[in-house]
Structure formats: structure tokens, C-alpha cells
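Everything numeric here is computed off the predicted structure, so don't read it as measured data. The chains referred to below are lettered A, B, ... by the order of the sequence lines, with proteins before strands, and numbering in each begins at 1.
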Amino acid sequence: MIPLTMRLGIKKKTGKNFYLWLPLFLIWLIFIPIFILLSPLVLLIALILWPTGKGKIILYFFPVFFRLIWCMSGLNVDIQTKSGTFYLNLL
Amino acid sequence: MSEERKKILEMLTEGKINVEEAERLLSTLSEDTGTASDNSGKTPRYLRIMIEPGPESKNQDRVNVRVPLKLIRAGLKLASFIPKDAQGKVNEALHEKGIEADFTNIKPENLDELVGQLNDLTVNIESKETVRVFCE
């Protein structure tokens, strides 16, 4: 499932703390129509660059890239050190 | 009650087997079903890496990482788009760290098998820090 929210936090024992809660579902709502609109252009570029061999890479890169984003849901990183704490959580 | 268990009890009431034999058969049956339920457990979805300080450790750093196995699959597929000269540099850097691995040789058809084998992976290292790597 595509990640819908992201929590990012950097907590320092000395200095400023940084917390971010990002509603990714709103970002997808903006980006997905843009990608759909740009996809014919990408296809055209891929066709133009096909003889050089780069067209194939461009064409295959996007599905794999979207799959990578799609699979990020559930990623959790939590690091606690002497100097502070870092966490990243994608739900 | 399962069919096998019923049959064993019926054989006992009919006098075909004695109590000891019935007990032995029932225990064997429960072991078999226990093993089967272990194997049919949920397919692991995440690779978990945990580093915790041991009692003698001065370093109190803790690491808790949970990576979806699907993300590893997708990441390895994306890695195939890295130019060959860059992959060479990655291999050189790994070689310097003492890791002899050539990721350019991993074919897409072998990826599923590779990640599938991670399901059985369990690493426990207990020194100053406790390192655990497992799938859940």
C-alpha cells in the first residue's frame, strides 16, 4: 500500500528539536495528476532516445520507481544516540 | 476434534490399541500438527534490525530499523538502473570494507529467490552490543 503519512523527528539533547508530520496522501493527490499529464511526454522522450539505449531505461525506470514508493509503507527507522534521537516512520 | 484423533479414541474404545499406544499416537499427532502450524505461519513482511547496548557497553546507542521486504525487492530492481561504472565503484567500496559481493551479477529472476531466503534469516550477535537481524 502506498504510504499515506510520514513522521520524521530529530530530537537533540542540546539544541533545537525538529518534528514533521507529512500527510503524503495530499502530496499524492497533487503529484499523481501531474505524472499522468507528463506521461505522454516521457513516452515521447523514451521513443526519441530509444536508438541510443537510454529510452528503454527511461521507460522502465518510472514503474520501478513508483513501485519503490508504493512499497515504502511500514518503513520504520529509530536511532537513539548520546546526542539525540532520530526517527522516520512511513504509514 | 480432528478425524485422526477420533480414530485413535475409537480404536482405544474398541480395544484395538491399549492406553499407552493411544497416548503415544496422540502425542505424535499433536507434534505433527504443531510443526504444520509453525510452517503455515504468516509470511514475514519485514526485515528487522535491532542493536541494543549490552550490560558492559559504554555506548548506549540503540538502533531499531524495520524495512518491508517488498521495499528490498523494489530497491534491488531499481539498483539495476545504476550505471555500470557506478556499480563498479560500489563494488570497490564494498571490497575496501571487506565485503566480497558483486551486485551486478544479480539477475532480476533471482531477486525473488534472494529475498525469499531472507525469511529464514536470523542473526544474533551478543558482544558489547546485542545485534539482532530477523524477519517478522
Side-chain angles (χ1 to χ4, degrees), chain A residues 1-15 17 22 24-25 28 31-32 35 39 42-43 45-46 49-50 52-91, chain B residues 42-88 103-104 106-112 114-116 118-119 128-136:
Chain A
M1 196 183 151
I2 198 162
L4 300 173
T5 60
M6 184 180 88
R7 282 192 321 132
L8 175 70
I10 301 165
K11 195 177 170 183
K12 289 181 181 173
K13 288 192 175 164
T14 52
N17 296 335
L22 208 60
L24 292 174
F25 58 92
W28 304 141
F31 272 88
I32 287 169
F35 277 119
S39 58
V42 172
L43 196 67
I45 293 166
L49 294 173
W50 197 266
T52 62
K54 287 180 180 173
K56 199 176 176 182
I57 294 169
I58 291 168
L59 204 66
Y60 287 135
F61 176 79
F62 282 93
V64 175
F65 180 71
F66 279 114
R67 195 176 167 189
L68 189 78
I69 290 171
W70 195 270
C71 297
M72 283 184 113
S73 180
L75 179 72
N76 187 54
V77 179
D78 189 357
I79 300 166
Q80 292 174 27
T81 62
K82 278 181 190 173
S83 55
T85 306
F86 167 83
Y87 68 82
L88 172 72
N89 192 332
L90 286 156
L91 286 174
Chain B
K42 282 184 179 177
T43 315
R45 291 175 63 196
Y46 300 103
L47 178 73
R48 191 90 181 261
I49 301 157
M50 292 171 82
I51 304 169
E52 288 179 350
E56 293 169 14
S57 174
K58 288 177 185 174
N59 192 349
Q60 291 298 307
D61 295 355
R62 286 169 191 271
V63 176
N64 186 357
V65 180
R66 189 181 69 177
V67 186
L69 288 172
K70 281 181 183 178
L71 183 65
I72 296 172
R73 273 195 194 97
L76 283 169
K77 278 184 182 166
L78 192 72
S80 63
F81 290 98
I82 298 171
K84 282 188 178 175
D85 53 335
Q87 282 180 349
F103 292 102
T104 54
I106 300 171
K107 291 172 185 168
E109 59 266 25
N110 297 337
L111 282 178
D112 281 336
L114 183 81
V115 179
L118 285 176
N119 295 352
K128 283 182 181 176
E129 284 94 21
T130 307
V131 180
R132 291 182 69 210
V133 181
F134 58 96
C135 289
E136 59 179 16

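The distance from atom CG of L68(A) to atom CZ of R73(B), rounded to the nearest 0.5 Å, is 13.5 Å.
Here the closest non-hydrogen pair linking M72(A) and P68(B) is O-CG, 4.4 Å.
Close approach to chain B, defined as a heavy atom under 4.5 Å from one of its heavy atoms, is seen in I57(A), Y60(A), F61(A), V64(A), F65(A) of residues 56-66 of chain A, taken by number. Residues of residues 77-87 of chain A having a heavy atom under 4.5 Å from any heavy atom of chain B, listed by number: V77(A), D78(A), I79(A), Q80(A), T81(A), K82(A).
The candidate from V65(B), N59(B), I51(B), I49(B) with the greatest count of non-hydrogen atom pairs under 4.5 Å with chain A is V65(B).
Counting heavy atoms of neighbouring residues, nucleotides and ligands inside a 6.0 Å radius, atom CH2 of W50(A) exceeds 12 of them.
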